[in-house]
Amino acid sequence: MPPESRADHATTDRWLSIVGIGEDGIAGLGENARQAIGAATTVFGGRRHLELAQPLIHGEASPWPTPFDPQMRDVLALRGTPVCVLASGDPFLFGVGVTLSRHLEPQEYAAYPAPSAFSLAASRLGWALQDIETVSLHGRPVDLIRPLLHPGRRLLALTSDGRGPADVARLLFETGFGASVLTVLEALGGGSERIRTTNASAFTLEDISELNVVALEVRADGPARILPLATGLDDHLFEHDGQMTKQEIRAVTLSALAPRRGELLWDIGAGSGSIGIEWMLRHPSMRAIGIEADPVRAARAQRNAQAFGVPGFSIIEGTAPAALSSLERPDAIFIGGGGSEPGVLETAMDCLKPEGRLVANAVTLEMEAVLLAVQARFGGHLIRLQVSRAEPVGSMQGWRSAMPVTQWTWQKNGDDT
C-alpha cells in the first residue's frame, strides 16, 4: 500500500477524538477540536468539561461514572463509532489521554491538546518550565513533593481540590521549609482566574478554587529535612531499630544494584525499608516491593516510605520464599535478611528476570557460607566491606570497627535457571 493510502486509512480508523479544553471553554479551541466535538455521537467528560463544550455538542453528553473507571469500558464499548473525550488542558500530562492510550493503538485516536495547567502557571509567573520541577498531587499523596524540596529550587504542583494548598503549606512548615514562598494560581485561563502569594508558615488563604496549581520557591528556615540526591543517605533520616543497612554499605549496595529507569526491585528482608526507598528515590519511574516478616518493622518501613516521599513503596508482610510466589517478576533483587533460610536465595534467582541483578549482603557466618557456596556454583562477584568510625575513647578518639559485610553480586543470563 502506498504511503498516501496508509495515511488515509489510518485517518479513517480514528474513531476517537481526545480534546483538551481549558477554563476559557470553546473560545480556546482550534477548528479541528471544535469539529471533533460536533461530529461525535457520544461525548464523554467531567460535568464541568461537558458544560464548557455544550454549545458544540450535538450527540449524547455522557459524564464520567462515579467512581471513575480506569478500564474505560463505556468508551471502548463504542469502538468504531464517532466518540469524543474531553479532558483538562493537555490530556497526556497526568490526564485521561494516558489512561485511554493503555487500551488503544495510536492510530485509533486523534488528540487535540490545550495548554496544561503547568504551562499556564509558568507563563503567569515567568518561570522557565524546563528549569523547574513539576508534580501532580491530584488524587495522590502530598508526600510526593518531599524529595523535591531543595532550597533555592522552584516547583509546580497540581493539587486535587481547594484543600490541597493548605496541605502543601503544612508539610513545608513541618519539614523546616516554612519560609518557602507559596503562590496559589486558581482557575487559570478562565474568567475567575486568581493568583495569590504567601509564605508557607503564614498560610491563611481561604475560599480556594478546586482548580488550582501551587507554585513553590523553596526556602529553609532552620534545620530542614533535605533529601540529598546521593545514595547512602544519613542513617538518622530513617526511623529504625538499629537493624538496617548502614549508610556506607547502603551506598555500595545501591551501586551494585545499578538502578535503571522504570525497573522493579524486590527488597527481601526489608527491615526499615532503606534499600527499597533509596532505589525509588533514584527516579519517579522506579518501583519497589519490600518483603518483611516482622509486622512492627513492616509498619516502620511504610512510615519511612511516606517520610521520604515514595508512598508507592509496597510492603508485603510475610516470609520468603513463600511470600514471593505471587509477586511480579523483578528486574533486581536485594537480600538483606533471611537469605540463609532454605529456598530463599534459589527462589529469588529463579524469579529474577533475564539480565537482572541480585545483590545479597551477609553479616552472619551462616549467610556468608551460603554466599560462598552459591558464588562457587554460579559465579558473580564477592567483596568484603568493613567500615570504621572515629569514636570517643576517654578524652581522645579511636577507630571502632563495624561488623564486616560480605556482598555477593550476580547478574542472571538468559540461560540461567
Task: Side-chain (Q386) to main-chain (A402) donor-acceptor, under 3.5 angstrom - done: yes

TODO: Would you mind reporting whether L327 and I291 have side-chain heavy atoms less than 4.5 Å apart?
DONE: yes

TODO: Let me see the working for L29 and I37 under side-chain contact (heavy atoms from CB on, under 4.5 Å), right down to the final yes or no.
DONE: CA-CA 10 Å; L29 297 178; I37 296 171; 3.7 Å; yes

Task: Within 45° cone and under 6.0 Å: R225 NZ/CZ vs F177 ring - done: no

Open item on the list: Under a 3.5 Å distance rule, please check whether T41 uses its side chain to pair with a backbone N or O of P82 as donor and acceptor.
Closed with: yes

Open item on the list: I want to check something: taking the side chain as every heavy atom from C-beta on, are L125 and L156 in contact at a cut-off of under 4.5 Å?
Closed with: yes

- [ ] Calculate, to the nearest 0.5 Å, the distance between atoms CG and CZ belonging to L93 and F118 respectively.
- [x] 6.0 Å

Open item on the list: Using only atom types and a distance under 3.5 Å, with no angle test, would you say the side chain of D331 pairs donor to acceptor with the backbone of E263?
Closed with: no

Task: Parallel, tilted or perpendicular, as decided by the 30° and 60° cut-offs, for the rings of F378 and W410 - done: perpendicular

Task: Pairwise distance CG(L158) to CG(L185) - rounded to 0.5 angstrom - done: 11.5 Å

Task: Nearest heavy atoms of P354 and R329, plus distance in Å - done: CD-NH2, 3.8 Å

Task: Under 3.5 Å: donor-acceptor pair, side chain of E278, backbone of L233 - done: yes

Open item on the list: In the structure I gave you, are the side-chain heavy atoms of I383 and V252 within less than 4.5 Å of one another anywhere?
Closed with: yes

Open item on the list: Using side-chain heavy atoms (C-beta onward) and a distance below 4.5 Å, is F203 in contact with L172?
Closed with: no

Open item on the list: Angle between ring planes, F44 versus W64, binned at 30° and 60°: parallel, tilted or perpendicular?
Closed with: parallel

Task: From CG (L385) to CD1 (I249), nearest 0.5 Å - done: 4.5 Å

TODO: Using a strict cut-off of less than 4.0 Å between a Lys/Arg side-chain nitrogen and an Asp/Glu carboxylate oxygen, indicate whether E248 and R389 qualify as a salt bridge.
DONE: yes

- [ ] Please check if any side-chain donor atom of Q407 sits under 3.5 Å from a side-chain acceptor atom of N361, or the reverse.
- [x] yes

Open item on the list: Assess the residue pair W408 and L358 against the criterion (side-chain contact (heavy atoms from CB on, under 4.5 Å)); give the C-alpha distance rounded to whole Å, side-chain angles, the decisive distance to 0.1 Å, and a yes or no.
Closed with: CA-CA 8 Å; W408 179 57; L358 187 151; 3.9 Å; yes

Open item on the list: What's the separation between atom CD1 in I132 and atom CG in L216, rounded to the nearest 0.5 Å?
Closed with: 10.0 Å

Task: Close side-chain approach of L129 to T134, heavy-atom, < 4.5 Å - done: yes

Open item on the list: Tell me the closest heavy-atom pair linking F313 and A305, and the distance in Å.
Closed with: CB-CB, 3.8 Å

TODO: Determine, stepwise, if the pair Y109 / L100 fulfils side-chain contact (heavy atoms from CB on, under 4.5 Å).
DONE: CA-CA 9 Å; Y109 60 84; L100 283 163; over 6 Å; no

TODO: Please confirm whether the backbone N or O of A179 pairs with a side-chain atom of N199, one donor and one acceptor, at under 3.5 Å?
DONE: yes

TODO: Grab the two heavy atoms, one from K412 and one from M349, that are nearest each other, plus how far apart they are.
DONE: NZ-O, 3.0 Å

Open item on the list: Given 3.5 Å as the limit, does a donor-acceptor pair link the side chain of T42 with the main chain of E60, or not?
Closed with: no

TODO: List for me each residue that meets side chain to side chain donor-acceptor pair (under 3.5 Å) alongside R154, sequence neighbours excluded, and say none if there are none.
DONE: none

Open item on the list: Taking the side chain as everything from C-beta on, heavy atoms only, tell me whether L352 gets closer than 4.5 Å to P330.
Closed with: yes

Task: Side-chain donor/acceptor of S209 to backbone N/O of N212, under 3.5 Å - done: no

Task: Sole candidate of I333, L265, I316, L324 that passes side chain to side chain contact (heavy atoms under 4.5 Å, CB included) when paired with I289 - done: I316

TODO: Starting at CG of L78, measure out to CG of L16 and round the result to the nearest 0.5 Å.
DONE: 10.0 Å

TODO: Apply the test side-chain contact (heavy atoms from CB on, under 4.5 Å) to residues I26 and Q54: give CA-CA distance (whole Å), side-chain angles for both, the deciding distance (0.1 Å), then the verdict.
DONE: CA-CA 9 Å; I26 62 176; Q54 193 277 329; over 6 Å; no

TODO: Compare all side-chain heavy atoms of F308 with those of L237 and state whether any distance is below 4.5 angstrom.
DONE: yes

TODO: State, to 0.1 Å, how close G176 and A224 come at their nearest heavy-atom pair, and which atoms those are.
DONE: O-CB, 3.5 Å

TODO: Find the distance between OG (S192) and CD (E186) and round it off to the nearest 0.5 Å.
DONE: 9.5 Å

TODO: For residues T198 and T204, determine if any side-chain heavy atom of one lies less than 4.5 Å from a side-chain heavy atom of the other.
DONE: no

- [ ] In plain terms, say whether E23 and R48 are close enough for a salt bridge, that is, a side-chain N and a carboxylate O under 4.0 Å apart.
- [x] yes

Task: H381 NE2: over 12 foreign heavy atoms closer than 6.0 Å - done: no

Task: By salt bridge (charged side-chain N to carboxylate O under 4.0 Å, His left out) - contacts of D235 (at least two apart) - done: R250

Task: Check: R219 main-chain N/O paired with S180 side-chain donor or acceptor under 3.5 Å - done: yes

Open item on the list: Any donor-acceptor pair under 3.5 Å linking the side-chain atoms of H138 with those of S136?
Closed with: no

- [ ] Locate the shortest heavy-atom distance separating A220 from P151; write the atom from each residue and the value.
- [x] CB-CG, 4.2 Å

Task: Closest contact, heavy atoms only, A320 versus V344 - done: O-CG2, 3.5 Å

Open item on the list: Quick check against the 3.5 Å criterion: does S272 have a side-chain atom that pairs as donor or acceptor with the backbone of D241?
Closed with: no

Open item on the list: Considering only residues two or more places apart or on different chains, which pairs with a residue in residues 302-316 satisfy side-chain hydrogen bond (donor to acceptor under 3.5 Å, both in side chains)?
Closed with: E239-R303

Task: Side chain R357, main chain A258, donor-acceptor under 3.5 Å - done: yes

Task: R287 and E328 ion-paired at < 4.0 Å - done: yes

Task: Member of R73, M72, R79 meeting the side chain to side chain contact (heavy atoms under 4.5 Å, CB included) criterion with V75 - done: M72

